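Not measured: the values here are computed from a predicted model. Just so you know, these numbers use all the heavy atoms, side chains as well, and skip hydrogens, waters and symmetry mates. Chain letters run A, B, ... following the sequence lines, proteins first and then strands; every chain starts at 1.
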Number of protein chains: 2
Amino acid sequence: MGTVGAMEDGHARAAGLRSTRQRRAVLDALGRCPEFISAQELHARLTDAGGTVGLTTVYRTLRELDRAGLVDVVRDDSGERLYLRRPTDEHRHYLICRCCGRSQPVDAEAVEVWAAGLAEATGFAELEHTLELTGVCADCRPGGAEEPCPRQPACAR
Amino acid sequence: MGTVGAMEDGHARAAGLRSTRQRRAVLDALGRCPEFISAQELHARLTDAGGTVGLTTVYRTLRELDRAGLVDVVRDDSGERLYLRRPTDEHRHYLICRCCGRSQPVDAEAVEVWAAGLAEATGFAELEHTLELTGVCADCRPGGAEEPCPRQPACAR
DNA sequence: CGGCGACGTGAAAACCATGTTCATTTAATA
DNA sequence: TATTAAATGAACATGGTTTTCACGTCGCCG
Ligand SMILES: [Mn+2]
Ligand SMILES: [Mn+2]
Ligand SMILES: [Zn+2]
Ligand SMILES: [Zn+2]
């Protein structure tokens, strides 16, 4: 707990970010959430738990975590951003269940290789890509295609 | 002219869409735009050209064209939807220049194959994917990485 | 310690793409 | 041409996100 000039004492020492009660709370709540979560939902959990963190601060903190590469971000169908504390420091892609929100990292190495070859093939530089994968997980599929979403979200969105 | 019950006499005969002056104007303007364009920008062009089309109608028409599979849609960094009249009736992915907006369809067959194999590998069903590719095109790169965006958009966004 | 200055906070308001309402217009058909 | 369901669009609503700005506090230095 010293003088680290970091966002968290131990982790997340992004450059020039002070360690504040609010940022620690956001990072902590995010760390205990196994699935992608929205800024609003995260804020709701923090306040429901009795904490005192402004929605503005949640948005700002998540944006900074994104810049620092500490979270993965996807956008749902409505365009809302969802965040997940990144377990490793690698670039990843996820398959997300449209019913319950469960996420599963996928091995997209084939895509990475393909994307890397695009630069030469097209003459474009500084290539970036986003790849969003959605589907219906096994648990959300009772047998046929009866109910659109038979079960409640595992990690309520 | 005739009694086609279509959106346009000749093209775009999506089911149950009337041919109106506004829809023809939107489809026409979209057809003469070589790059992805937003609903707002398309509306601006229509009104600047002296036309009389409501922004609401532009949004509605683009949504219908999307449903009918007549346009490709991407989302830019801010989440705004951009539309391009689809040249063929195939599913495509594009590489888009972050400077000028120029788009270039890419051969993503490798990705399609990879994505198709995900269902078995993961147990998820009804898989869908979105793949957005961005970069800096050759024309927008004078030599090094000097200016962030040296030239004006070819097809002003 | 104590103070200073930059950074952080948050309530309120602004922003902005997009959707909805609903009275009016209009395309398609008989 | 009469009829009617569909289409239009101005005004309004929505909802996620950002900006504002007055106030708080973190971290460093003396
Ligand atoms: Mn990737
Ligand atoms: Mn594809
Ligand atoms: Zn599920
Ligand atoms: Zn370019």
Asks: Look at A:Arg75 and D:dG16 and indicate whether a side-chain polar atom (N or O) is within less than 4.0 Å of OP1 or OP2.
Replies: no
Asks: Using only heavy-atom distances, determine whether the side chains of A:Arg24 and A:Ser19 contain a donor-acceptor pair under 3.5 Å.
Replies: yes
Asks: To the nearest Å, how far apart are A:Glu80 CD and C:dT18 P?
Replies: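 After rounding, the reported distance stands at 16 Å.
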Asks: Find which nucleotide of DNA chain C each of A:Leu55 and B:Gln40 is nearest to by heavy atoms, and output the residue with the more 5' nucleotide.
Replies: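 Residue closer to the 5' terminus by nearest nucleotide: A:Leu55.
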Asks: Rounded to the Å, how far apart are B:Gln22 CD and D:dA6 P?
Replies: 17 Å
Asks: Side chains of A:His91 and A:Glu112 only: does a donor on one sit below 3.5 Å from an acceptor on the other?
Replies: yes
Asks: Whole angstroms only, please: what is the CD-P distance between A:Glu64 and D:dT17?
Replies: 15 Å
Asks: Given atom CD1 of A:Ile37 and atom C1' of D:dG16, what is their separation to the nearest angstrom?
Replies: 15 Å
Asks: Applying side chain to side chain contact (heavy atoms under 4.5 Å, CB included), can you list everything that pairs with A:Leu133, at least two apart in sequence or on another chain?
Replies: A:Leu95, A:Val106, A:Leu131, B:Trp114, B:Leu118, B:His129
Asks: I need the CG-P distance between A:Leu27 and C:dG8, as an integer number of Å.
Replies: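 So the CG-P distance, A:Leu27 to C:dG8, works out to 15 Å.
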Asks: From the set C:dT9, D:dG9, D:dA7, return the single nucleotide nearest to any side-chain atom of B:Leu17.
Replies: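 In terms of side-chain proximity for B:Leu17, the closest of C:dT9, D:dG9, D:dA7 is D:dA7.
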Asks: Tell me whether B:Asp72 is salt-bridged to B:Arg85, with the criterion being a basic N under 4.0 Å from an acidic carboxylate O.
Replies: no
Asks: Just by distance, with hydrogens left out, do A:Glu35 and A:Ser103 show a side-chain donor and acceptor under 3.5 Å apart?
Replies: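 Note: A:Glu35 and A:Ser103 side chains meet the donor-acceptor criterion.
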Asks: Looking only at side-chain N and O atoms, does B:Tyr59 offer a donor or acceptor that is under 3.5 Å from a partner on B:Glu64?
Replies: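 No, no side-chain donor-acceptor pair sits under 3.5 Å.
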Asks: Give the rounded distance in Å between these two atoms: CZ of B:Arg23 and P of D:dG9.
Replies: 11 Å
Asks: Would you tabulate the pairs of protein nitrogen or oxygen atoms and nucleotide nitrogen or oxygen atoms of nucleotides 19-27 of chain C closer than 3.5 angstrom?
Replies:
residue : atom : partner : partner atom : Å
C:dA27  : N3   : B:Arg18 : NH1          : 3.3

Asks: Would you mind reading off the distance between A:His43 atom NE2 and C:dA11 atom P, rounded to a whole angstrom?
Replies: 7 Å
